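Chain letters run A, B, ... following the sequence lines, proteins first, then strands; residues in each count from 1. Treat the numbers as computed from the prediction; the structure is a model and nothing was measured.
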Number of protein chains: 2
Amino acid sequence: MRTEQARSVSRRQKIMESALDVFARRGYRDAAMDEIADAAETSKGGVYFHFPSKQAIFLALLERMANLLQGRAEAAMAAEPDLVAKFDAALLVVIRTFAAHRPLARLFLVEALGAGREFNQRMLEIHADFAGLIERHLDEVVALGVIPPLDTHIAGKAWFGALNEVVTAWVLADDPGDLEQQYPALRTFLLRSVGITISEGSREVGG
Amino acid sequence: MRTEQARSVSRRQKIMESALDVFARRGYRDAAMDEIADAAETSKGGVYFHFPSKQAIFLALLERMANLLQGRAEAAMAAEPDLVAKFDAALLVVIRTFAAHRPLARLFLVEALGAGREFNQRMLEIHADFAGLIERHLDEVVALGVIPPLDTHIAGKAWFGALNEVVTAWVLADDPGDLEQQYPALRTFLLRSVGITISEGSREVGG
DNA sequence: GTAGGGAAACCGACGAGCCAGTCGGTTTAT
DNA sequence: ATAAACCGACTGGCTCGTCGGTTTCCCTAC
(Lines give C-alpha, C1' and ligand atoms only; values in the text may rest on other atoms or scores of the structure.)
Protein backbone atom coordinates (compact mmCIF):
# COMPACT_ATOMS: atom_id res chain seq x y z
CA MET A 1 0.00 0.00 0.00
CA ARG A 2 2.65 2.44 1.09
CA THR A 3 5.06 1.19 -1.57
CA GLU A 4 2.39 1.28 -4.22
CA GLN A 5 1.65 4.89 -3.53
CA ALA A 6 5.32 5.74 -3.49
CA ARG A 7 5.81 4.08 -6.84
CA SER A 8 2.87 5.90 -8.29
CA VAL A 9 4.22 9.20 -7.06
CA SER A 10 7.63 8.53 -8.49
CA ARG A 11 6.19 7.46 -11.84
CA ARG A 12 4.21 10.67 -11.89
CA GLN A 13 7.36 12.57 -11.15
CA LYS A 14 9.24 10.80 -13.89
CA ILE A 15 6.50 11.59 -16.40
CA MET A 16 6.61 15.24 -15.41
CA GLU A 17 10.38 15.37 -15.80
CA SER A 18 10.18 13.75 -19.21
CA ALA A 19 7.34 15.98 -20.27
CA LEU A 20 9.32 19.03 -19.22
CA ASP A 21 12.19 17.81 -21.32
CA VAL A 22 10.07 17.12 -24.39
CA PHE A 23 8.04 20.32 -24.07
CA ALA A 24 11.24 22.29 -23.73
CA ARG A 25 12.76 20.62 -26.76
CA ARG A 26 9.75 20.72 -29.06
CA GLY A 27 7.42 23.34 -27.66
CA TYR A 28 3.97 22.54 -26.34
CA ARG A 29 2.20 21.92 -29.62
CA ASP A 30 4.90 19.86 -31.23
CA ALA A 31 5.44 17.66 -28.21
CA ALA A 32 3.73 14.35 -28.89
CA MET A 33 2.33 12.29 -26.08
CA ASP A 34 4.09 9.26 -27.55
CA GLU A 35 7.40 11.02 -27.23
CA ILE A 36 6.70 11.98 -23.63
CA ALA A 37 5.76 8.39 -22.93
CA ASP A 38 8.94 7.11 -24.55
CA ALA A 39 11.06 9.57 -22.63
CA ALA A 40 9.43 8.45 -19.40
CA GLU A 41 10.10 4.83 -20.37
CA THR A 42 6.42 4.02 -20.36
CA SER A 43 3.56 3.95 -22.84
CA LYS A 44 0.91 6.43 -23.84
CA GLY A 45 -1.60 4.49 -21.78
CA GLY A 46 0.71 4.72 -18.82
CA VAL A 47 0.90 8.46 -19.14
CA TYR A 48 -2.87 8.74 -19.44
CA PHE A 49 -3.23 6.71 -16.29
CA HIS A 50 -1.46 9.45 -14.37
CA PHE A 51 -2.72 12.50 -16.23
CA PRO A 52 -6.07 13.08 -17.86
CA SER A 53 -4.74 15.11 -20.76
CA LYS A 54 -1.75 16.76 -22.33
CA GLN A 55 -2.93 20.09 -21.04
CA ALA A 56 -3.03 18.78 -17.48
CA ILE A 57 0.64 17.81 -17.62
CA PHE A 58 1.62 21.24 -18.84
CA LEU A 59 -0.49 22.96 -16.23
CA ALA A 60 1.02 20.81 -13.50
CA LEU A 61 4.49 21.80 -14.70
CA LEU A 62 3.47 25.44 -14.72
CA GLU A 63 2.14 25.30 -11.17
CA ARG A 64 5.21 23.52 -9.92
CA MET A 65 7.49 26.12 -11.42
CA ALA A 66 5.47 29.04 -10.15
CA ASN A 67 5.36 27.61 -6.65
CA LEU A 68 9.04 26.82 -6.67
CA LEU A 69 9.98 30.32 -7.74
CA GLN A 70 7.62 32.14 -5.46
CA GLY A 71 8.53 29.92 -2.52
CA ARG A 72 12.23 30.41 -3.01
CA ALA A 73 11.87 34.15 -3.43
CA GLU A 74 9.79 34.54 -0.31
CA ALA A 75 12.09 32.33 1.73
CA ALA A 76 15.10 34.32 0.58
CA MET A 77 13.41 37.56 1.56
CA ALA A 78 12.32 36.23 4.93
CA ALA A 79 15.91 35.36 5.72
CA GLU A 80 17.16 38.92 5.28
CA PRO A 81 16.49 41.65 7.82
CA ASP A 82 17.38 44.68 5.72
CA LEU A 83 14.83 45.83 3.15
CA VAL A 84 17.21 46.35 0.29
CA ALA A 85 18.88 43.07 1.11
CA LYS A 86 15.49 41.34 0.93
CA PHE A 87 15.07 42.65 -2.56
CA ASP A 88 18.56 41.63 -3.59
CA ALA A 89 18.07 38.15 -2.25
CA ALA A 90 14.81 37.63 -4.10
CA LEU A 91 16.15 38.93 -7.39
CA LEU A 92 19.24 36.80 -7.12
CA VAL A 93 17.28 33.69 -6.28
CA VAL A 94 15.03 34.11 -9.29
CA ILE A 95 17.91 34.78 -11.63
CA ARG A 96 19.88 31.83 -10.34
CA THR A 97 16.92 29.50 -10.58
CA PHE A 98 16.38 30.39 -14.20
CA ALA A 99 20.10 30.36 -14.90
CA ALA A 100 20.29 26.81 -13.63
CA HIS A 101 17.27 25.58 -15.59
CA ARG A 102 17.19 27.13 -19.02
CA PRO A 103 14.78 24.66 -20.63
CA LEU A 104 12.39 25.17 -17.80
CA ALA A 105 12.75 28.92 -18.11
CA ARG A 106 11.99 28.63 -21.78
CA LEU A 107 8.88 26.64 -21.10
CA PHE A 108 7.74 29.03 -18.47
CA LEU A 109 8.43 32.29 -20.22
CA VAL A 110 8.08 31.51 -23.90
CA GLU A 111 6.08 28.40 -24.67
CA ALA A 112 3.45 28.98 -22.02
CA LEU A 113 2.33 32.25 -23.55
CA GLY A 114 1.78 30.90 -27.00
CA ALA A 115 0.65 27.40 -26.12
CA GLY A 116 -2.97 28.26 -26.60
CA ARG A 117 -5.81 30.27 -25.20
CA GLU A 118 -6.34 27.82 -22.36
CA PHE A 119 -3.08 28.86 -20.79
CA ASN A 120 -3.27 32.61 -21.20
CA GLN A 121 -5.58 33.09 -18.26
CA ARG A 122 -3.34 31.09 -15.97
CA MET A 123 -0.25 32.91 -17.22
CA LEU A 124 -1.91 36.22 -16.59
CA GLU A 125 -2.62 35.15 -13.02
CA ILE A 126 0.92 33.97 -12.49
CA HIS A 127 2.31 37.23 -13.82
CA ALA A 128 -0.11 39.13 -11.62
CA ASP A 129 0.91 37.07 -8.60
CA PHE A 130 4.55 37.94 -9.03
CA ALA A 131 3.86 41.56 -9.80
CA GLY A 132 1.59 41.65 -6.74
CA LEU A 133 4.31 40.18 -4.57
CA ILE A 134 6.64 42.93 -5.68
CA GLU A 135 3.94 45.54 -5.24
CA ARG A 136 3.24 44.53 -1.66
CA HIS A 137 6.86 44.69 -0.69
CA LEU A 138 7.24 48.05 -2.35
CA ASP A 139 4.21 49.29 -0.44
CA GLU A 140 5.89 48.23 2.74
CA VAL A 141 9.06 50.05 1.87
CA VAL A 142 7.14 53.17 0.93
CA ALA A 143 5.17 53.03 4.19
CA LEU A 144 8.40 52.95 6.14
CA GLY A 145 9.53 56.05 4.35
CA VAL A 146 12.60 54.41 2.88
CA ILE A 147 11.65 55.50 -0.60
CA PRO A 148 9.39 58.25 -1.85
CA PRO A 149 5.76 57.41 -2.72
CA LEU A 150 5.10 56.02 -6.18
CA ASP A 151 2.56 54.02 -8.11
CA THR A 152 3.55 50.62 -6.77
CA HIS A 153 1.05 48.84 -8.94
CA ILE A 154 2.72 49.90 -12.14
CA ALA A 155 6.14 49.56 -10.53
CA GLY A 156 5.39 45.93 -9.68
CA LYS A 157 4.38 45.19 -13.25
CA ALA A 158 7.32 47.12 -14.64
CA TRP A 159 9.84 45.35 -12.42
CA PHE A 160 8.41 42.01 -13.36
CA GLY A 161 8.45 42.99 -17.01
CA ALA A 162 12.03 44.15 -16.89
CA LEU A 163 13.18 40.93 -15.27
CA ASN A 164 11.07 38.93 -17.67
CA GLU A 165 12.62 40.59 -20.71
CA VAL A 166 16.16 40.09 -19.53
CA VAL A 167 15.60 36.42 -18.81
CA THR A 168 13.59 35.82 -21.97
CA ALA A 169 16.30 37.33 -24.14
CA TRP A 170 18.78 35.04 -22.46
CA VAL A 171 16.51 32.05 -22.97
CA LEU A 172 16.12 32.67 -26.68
CA ALA A 173 19.70 33.69 -27.38
CA ASP A 174 21.77 31.46 -29.66
CA ASP A 175 24.77 31.76 -27.45
CA PRO A 176 23.53 32.63 -24.00
CA GLY A 177 26.23 33.81 -21.67
CA ASP A 178 26.00 33.69 -17.92
CA LEU A 179 22.65 35.14 -16.94
CA GLU A 180 23.88 35.98 -13.48
CA GLN A 181 26.28 38.55 -14.89
CA GLN A 182 23.31 40.71 -15.70
CA TYR A 183 22.27 40.82 -12.08
CA PRO A 184 24.29 43.85 -10.87
CA ALA A 185 23.15 46.14 -13.66
CA LEU A 186 19.56 45.02 -13.41
CA ARG A 187 19.64 45.51 -9.66
CA THR A 188 20.99 49.02 -9.96
CA PHE A 189 18.41 49.86 -12.58
CA LEU A 190 15.49 48.55 -10.58
CA LEU A 191 16.56 50.18 -7.35
CA ARG A 192 17.07 53.52 -9.02
CA SER A 193 13.63 53.28 -10.59
CA VAL A 194 12.12 53.50 -7.12
CA GLY A 195 14.47 56.13 -5.86
CA ILE A 196 17.28 54.16 -4.27
CA THR A 197 20.73 54.98 -5.63
CA ILE A 198 23.51 52.64 -4.65
CA SER A 199 26.95 52.01 -6.07
CA GLU A 200 27.03 48.72 -7.90
CA GLY A 201 29.69 47.12 -5.75
CA SER A 202 27.84 47.44 -2.47
CA ARG A 203 26.91 43.80 -2.48
CA GLU A 204 29.00 41.00 -3.82
CA VAL A 205 27.49 38.41 -6.10
CA GLY A 206 29.74 35.60 -4.95
CA GLY A 207 28.31 32.12 -5.16
CA MET B 1 -0.74 45.76 -66.62
CA ARG B 2 -1.00 48.67 -64.26
CA THR B 3 -4.46 47.63 -63.12
CA GLU B 4 -3.43 44.01 -62.84
CA GLN B 5 -0.56 44.86 -60.54
CA ALA B 6 -2.78 47.09 -58.49
CA ARG B 7 -5.35 44.36 -58.15
CA SER B 8 -2.70 41.90 -57.14
CA VAL B 9 -1.39 44.26 -54.50
CA SER B 10 -4.83 44.90 -53.13
CA ARG B 11 -5.63 41.17 -53.03
CA ARG B 12 -2.42 40.66 -51.11
CA GLN B 13 -3.44 43.37 -48.71
CA LYS B 14 -6.85 41.88 -48.24
CA ILE B 15 -5.36 38.48 -47.50
CA MET B 16 -3.05 40.03 -44.93
CA GLU B 17 -5.92 41.83 -43.24
CA SER B 18 -7.98 38.67 -43.12
CA ALA B 19 -5.06 36.63 -41.89
CA LEU B 20 -4.44 39.15 -39.13
CA ASP B 21 -8.03 38.83 -38.12
CA VAL B 22 -8.04 35.04 -38.11
CA PHE B 23 -4.66 34.75 -36.42
CA ALA B 24 -5.79 37.15 -33.75
CA ARG B 25 -9.02 35.26 -33.19
CA ARG B 26 -7.64 31.72 -33.23
CA GLY B 27 -3.95 32.03 -32.59
CA TYR B 28 -1.31 31.04 -35.13
CA ARG B 29 -1.58 27.29 -34.83
CA ASP B 30 -5.34 27.09 -34.80
CA ALA B 31 -5.80 29.44 -37.71
CA ALA B 32 -6.62 27.33 -40.75
CA MET B 33 -5.63 28.45 -44.20
CA ASP B 34 -9.15 27.68 -45.37
CA GLU B 35 -10.52 30.12 -42.84
CA ILE B 36 -8.08 32.80 -43.90
CA ALA B 37 -9.09 32.19 -47.49
CA ASP B 38 -12.78 32.43 -46.63
CA ALA B 39 -12.26 35.62 -44.68
CA ALA B 40 -10.42 37.11 -47.63
CA GLU B 41 -13.26 36.00 -49.90
CA THR B 42 -10.98 33.82 -51.94
CA SER B 43 -9.85 30.20 -51.94
CA LYS B 44 -6.91 28.37 -50.48
CA GLY B 45 -5.33 28.26 -53.92
CA GLY B 46 -5.78 31.99 -54.18
CA VAL B 47 -3.97 32.54 -50.92
CA TYR B 48 -1.16 30.24 -51.98
CA PHE B 49 -0.80 32.19 -55.16
CA HIS B 50 0.14 35.25 -53.14
CA PHE B 51 2.03 33.63 -50.28
CA PRO B 52 4.22 30.55 -50.35
CA SER B 53 3.24 29.35 -46.90
CA LYS B 54 1.31 30.06 -43.76
CA GLN B 55 4.51 31.04 -42.06
CA ALA B 56 5.23 33.63 -44.71
CA ILE B 57 1.94 35.39 -44.07
CA PHE B 58 2.63 35.57 -40.39
CA LEU B 59 6.14 36.82 -40.91
CA ALA B 60 4.89 39.48 -43.30
CA LEU B 61 2.42 40.62 -40.67
CA LEU B 62 5.16 40.68 -38.08
CA GLU B 63 7.41 42.80 -40.24
CA ARG B 64 4.66 45.21 -41.07
CA MET B 65 3.84 45.72 -37.45
CA ALA B 66 7.43 46.14 -36.40
CA ASN B 67 8.06 48.67 -39.13
CA LEU B 68 4.90 50.55 -38.38
CA LEU B 69 5.75 50.85 -34.70
CA GLN B 70 9.37 51.70 -35.13
CA GLY B 71 8.61 54.19 -37.86
CA ARG B 72 5.94 55.94 -35.84
CA ALA B 73 8.13 56.05 -32.76
CA GLU B 74 11.08 57.51 -34.60
CA ALA B 75 8.94 60.05 -36.40
CA ALA B 76 7.40 61.14 -33.14
CA MET B 77 10.81 61.60 -31.61
CA ALA B 78 12.18 63.49 -34.57
CA ALA B 79 9.33 65.97 -34.24
CA GLU B 80 10.23 66.93 -30.68
CA PRO B 81 13.20 69.10 -29.83
CA ASP B 82 13.44 68.43 -26.12
CA LEU B 83 14.98 65.15 -25.03
CA VAL B 84 12.43 64.25 -22.42
CA ALA B 85 9.68 65.25 -24.81
CA LYS B 86 11.11 62.91 -27.43
CA PHE B 87 10.83 60.09 -25.00
CA ASP B 88 7.29 61.00 -24.05
CA ALA B 89 6.23 61.19 -27.64
CA ALA B 90 7.65 57.80 -28.51
CA LEU B 91 6.11 56.11 -25.49
CA LEU B 92 2.75 57.65 -26.16
CA VAL B 93 2.79 56.70 -29.82
CA VAL B 94 3.55 53.08 -29.01
CA ILE B 95 0.88 52.90 -26.33
CA ARG B 96 -1.69 54.51 -28.55
CA THR B 97 -0.89 52.26 -31.46
CA PHE B 98 -1.40 49.17 -29.37
CA ALA B 99 -4.43 50.66 -27.66
CA ALA B 100 -6.06 51.16 -31.04
CA HIS B 101 -5.25 47.67 -32.34
CA ARG B 102 -5.66 45.13 -29.59
CA PRO B 103 -5.89 42.05 -31.83
CA LEU B 104 -2.75 43.11 -33.56
CA ALA B 105 -1.06 43.70 -30.24
CA ARG B 106 -2.09 40.23 -29.14
CA LEU B 107 -0.65 38.70 -32.25
CA PHE B 108 2.56 40.59 -31.90
CA LEU B 109 3.16 40.14 -28.21
CA VAL B 110 1.56 36.83 -27.37
CA GLU B 111 0.95 34.55 -30.33
CA ALA B 112 4.26 35.24 -31.97
CA LEU B 113 6.13 33.78 -29.04
CA GLY B 114 4.48 30.41 -29.13
CA ALA B 115 3.93 30.12 -32.85
CA GLY B 116 6.94 27.89 -33.24
CA ARG B 117 10.68 27.89 -33.11
CA GLU B 118 10.89 29.54 -36.52
CA PHE B 119 9.55 32.76 -35.11
CA ASN B 120 11.57 32.98 -31.94
CA GLN B 121 14.67 34.15 -33.72
CA ARG B 122 12.79 36.91 -35.50
CA MET B 123 11.05 37.95 -32.30
CA LEU B 124 14.36 38.11 -30.52
CA GLU B 125 15.67 40.41 -33.23
CA ILE B 126 12.62 42.61 -33.07
CA HIS B 127 12.89 42.90 -29.31
CA ALA B 128 16.59 43.65 -29.65
CA ASP B 129 15.85 46.31 -32.27
CA PHE B 130 13.48 48.15 -29.98
CA ALA B 131 15.70 47.77 -26.96
CA GLY B 132 18.60 49.00 -29.10
CA LEU B 133 16.62 52.02 -30.23
CA ILE B 134 16.00 52.92 -26.61
CA GLU B 135 19.59 52.23 -25.71
CA ARG B 136 20.95 54.57 -28.38
CA HIS B 137 18.72 57.39 -27.29
CA LEU B 138 19.67 56.86 -23.69
CA ASP B 139 23.34 56.94 -24.67
CA GLU B 140 22.74 60.27 -26.30
CA VAL B 141 21.06 61.65 -23.21
CA VAL B 142 23.86 60.39 -21.01
CA ALA B 143 26.50 61.90 -23.29
CA LEU B 144 24.81 65.28 -23.01
CA GLY B 145 25.01 65.00 -19.25
CA VAL B 146 21.26 65.23 -18.78
CA ILE B 147 21.22 62.06 -16.73
CA PRO B 148 23.95 60.29 -14.79
CA PRO B 149 25.81 57.43 -16.47
CA LEU B 150 24.20 54.00 -16.33
CA ASP B 151 24.23 50.66 -18.09
CA THR B 152 22.14 51.72 -21.06
CA HIS B 153 22.15 48.22 -22.51
CA ILE B 154 20.29 46.75 -19.58
CA ALA B 155 18.18 49.89 -19.27
CA GLY B 156 17.06 49.51 -22.88
CA LYS B 157 16.02 45.93 -22.29
CA ALA B 158 14.37 46.77 -19.00
CA TRP B 159 12.40 49.65 -20.46
CA PHE B 160 11.23 47.52 -23.29
CA GLY B 161 10.35 44.74 -20.87
CA ALA B 162 8.39 47.03 -18.61
CA LEU B 163 6.38 48.40 -21.52
CA ASN B 164 5.92 44.94 -22.90
CA GLU B 165 4.54 43.61 -19.62
CA VAL B 166 2.08 46.46 -19.20
CA VAL B 167 0.75 46.07 -22.72
CA THR B 168 0.68 42.26 -22.57
CA ALA B 169 -1.32 42.30 -19.34
CA TRP B 170 -3.77 44.64 -21.04
CA VAL B 171 -3.95 42.43 -24.09
CA LEU B 172 -4.75 39.31 -22.07
CA ALA B 173 -7.11 40.91 -19.58
CA ASP B 174 -10.73 39.83 -19.62
CA ASP B 175 -11.93 43.34 -19.20
CA PRO B 176 -9.20 45.59 -20.49
CA GLY B 177 -9.67 49.20 -19.52
CA ASP B 178 -8.09 52.08 -21.36
CA LEU B 179 -4.45 51.29 -21.90
CA GLU B 180 -3.56 54.94 -22.27
CA GLN B 181 -4.45 55.58 -18.65
CA GLN B 182 -1.39 53.65 -17.65
CA TYR B 183 0.84 56.02 -19.55
CA PRO B 184 1.49 58.66 -16.85
CA ALA B 185 2.53 56.18 -14.18
CA LEU B 186 4.66 54.19 -16.57
CA ARG B 187 6.31 57.36 -17.81
CA THR B 188 7.14 58.50 -14.29
CA PHE B 189 8.50 55.09 -13.43
CA LEU B 190 10.70 54.85 -16.50
CA LEU B 191 12.06 58.36 -16.18
CA ARG B 192 12.88 57.91 -12.55
CA SER B 193 14.70 54.68 -13.36
CA VAL B 194 17.27 56.69 -15.28
CA GLY B 195 17.49 59.46 -12.78
CA ILE B 196 14.93 61.97 -14.03
CA THR B 197 12.31 62.94 -11.46
CA ILE B 198 9.35 64.89 -12.74
CA SER B 199 5.90 65.54 -11.34
CA GLU B 200 3.31 63.49 -13.15
CA GLY B 201 1.31 66.39 -14.42
CA SER B 202 4.13 68.07 -16.29
CA ARG B 203 2.78 66.88 -19.59
CA GLU B 204 -0.85 66.47 -20.48
CA VAL B 205 -2.11 63.34 -22.16
CA GLY B 206 -4.85 65.05 -24.05
CA GLY B 207 -5.74 63.56 -27.39
C1' DG C 1 5.38 -19.62 2.83
C1' DT C 2 2.52 -19.82 -0.76
C1' DA C 3 -1.82 -19.81 -3.54
C1' DG C 4 -4.84 -16.92 -5.43
C1' DG C 5 -7.92 -12.99 -5.92
C1' DG C 6 -8.42 -8.40 -6.91
C1' DA C 7 -7.00 -3.93 -7.93
C1' DA C 8 -3.67 -0.71 -9.47
C1' DA C 9 -0.65 0.14 -13.08
C1' DC C 10 0.51 -0.35 -17.62
C1' DC C 11 0.36 -1.35 -22.74
C1' DG C 12 -0.17 -0.06 -27.69
C1' DA C 13 -3.22 -0.63 -31.76
C1' DC C 14 -6.79 1.95 -33.31
C1' DG C 15 -10.44 5.57 -34.25
C1' DA C 16 -11.33 9.91 -35.60
C1' DG C 17 -10.36 14.48 -36.68
C1' DC C 18 -7.54 18.02 -38.43
C1' DC C 19 -4.95 20.69 -41.81
C1' DA C 20 -0.81 22.47 -44.77
C1' DG C 21 0.23 22.37 -49.13
C1' DT C 22 -0.47 20.49 -54.22
C1' DC C 23 -2.14 20.39 -58.73
C1' DG C 24 -4.86 20.05 -62.75
C1' DG C 25 -8.27 22.65 -64.37
C1' DT C 26 -10.96 27.16 -64.93
C1' DT C 27 -11.78 32.06 -65.21
C1' DT C 28 -10.47 36.82 -66.19
C1' DA C 29 -8.00 40.55 -68.24
C1' DT C 30 -5.39 42.40 -71.92
C1' DA D 1 -4.40 33.84 -77.48
C1' DT D 2 -1.80 34.03 -73.59
C1' DA D 3 -0.64 34.50 -69.02
C1' DA D 4 -1.86 35.93 -64.54
C1' DA D 5 -5.01 34.93 -61.12
C1' DC D 6 -7.88 31.86 -59.00
C1' DC D 7 -10.39 27.52 -57.52
C1' DG D 8 -11.19 23.48 -54.43
C1' DA D 9 -10.92 18.42 -54.21
C1' DC D 10 -7.47 15.68 -52.69
C1' DT D 11 -3.13 13.70 -50.60
C1' DG D 12 -0.26 12.66 -47.02
C1' DG D 13 0.86 13.08 -42.54
C1' DC D 14 0.19 13.88 -37.92
C1' DT D 15 -1.47 13.09 -33.10
C1' DC D 16 -4.87 13.19 -29.05
C1' DG D 17 -7.30 10.28 -26.45
C1' DT D 18 -9.72 5.55 -25.96
C1' DC D 19 -10.21 0.97 -24.68
C1' DG D 20 -9.87 -3.91 -24.21
C1' DG D 21 -6.46 -6.56 -22.70
C1' DT D 22 -2.16 -7.69 -19.88
C1' DT D 23 1.16 -7.49 -16.17
C1' DT D 24 2.67 -6.43 -11.55
C1' DC D 25 1.93 -5.91 -6.94
C1' DC D 26 -0.03 -6.54 -2.41
C1' DC D 27 -2.79 -8.74 0.91
C1' DT D 28 -5.16 -12.35 2.92
C1' DA D 29 -6.21 -17.18 3.88
C1' DC D 30 -4.68 -21.43 4.62
query = For DNA chain C, what residues of residues 30-52 of chain B have any heavy atom nearer than 4.0 Å?
reply = B:A31, B:A32, B:M33, B:K44, B:Y48
task = Give me the one residue out of B:F130, B:F189, B:F87 that meets ring-ring contact (aromatic ring centres under 6.0 Å, His included) with B:W159.
result = B:F87
inquiry  = Among residues 10-27 of chain A, which ones have heavy-atom contacts with DNA chain D below 4.0 Å?
reply    = none
message = Show me the pairs that pass salt bridge (charged side-chain N to carboxylate O under 4.0 Å, His left out) and involve residues 102-121 of chain B, at least two apart or across chains.
response = A:E111-B:R117, A:R117-B:E111, B:R106-B:E111
Per-pair distances, 0.1 Å, donor-acceptor, side chain in residues 38-51 of chain B, under 3.5 Å, sequence neighbours excluded:
unit_1	atom_1	unit_2	atom_2	d
B:E41	OE1	B:K14	NZ	2.4
B:S43	OG	B:G46	N	3.2
B:K44	NZ	B:D34	OD2	3.4

task = In whole angstrom, give the distance that lies between atom NZ of B:K54 and atom C1' of C:dT22.
result = 17 Å
task = Sort and list the pairs that fulfil salt bridge (charged side-chain N to carboxylate O under 4.0 Å, His left out) and have at least one residue in residues 152-167 of chain B, not counting sequence neighbours.
result = none
key: Criterion side-chain contact (heavy atoms from CB on, under 4.5 Å) on B:Q182 and B:V167, from CA distance to verdict   = CA-CA 9 Å; B:Q182 312 219 31; B:V167 179; over 6 Å; no
task = Determine, for A:F23 and A:K54, whether the Lys NZ or Arg CZ falls below 6.0 Å from the six-membered ring centre while staying within 45 degrees of the axis.
result = no
query = What residues, two or more places apart in sequence or in another chain, satisfy side-chain contact (heavy atoms from CB on, under 4.5 Å) together with A:L68?
reply = A:M65, A:R72, A:T97
ask   = Can you find a heavy atom in the side chain of A:H127 that is under 4.5 Å from one in the side chain of A:M123?
value = yes
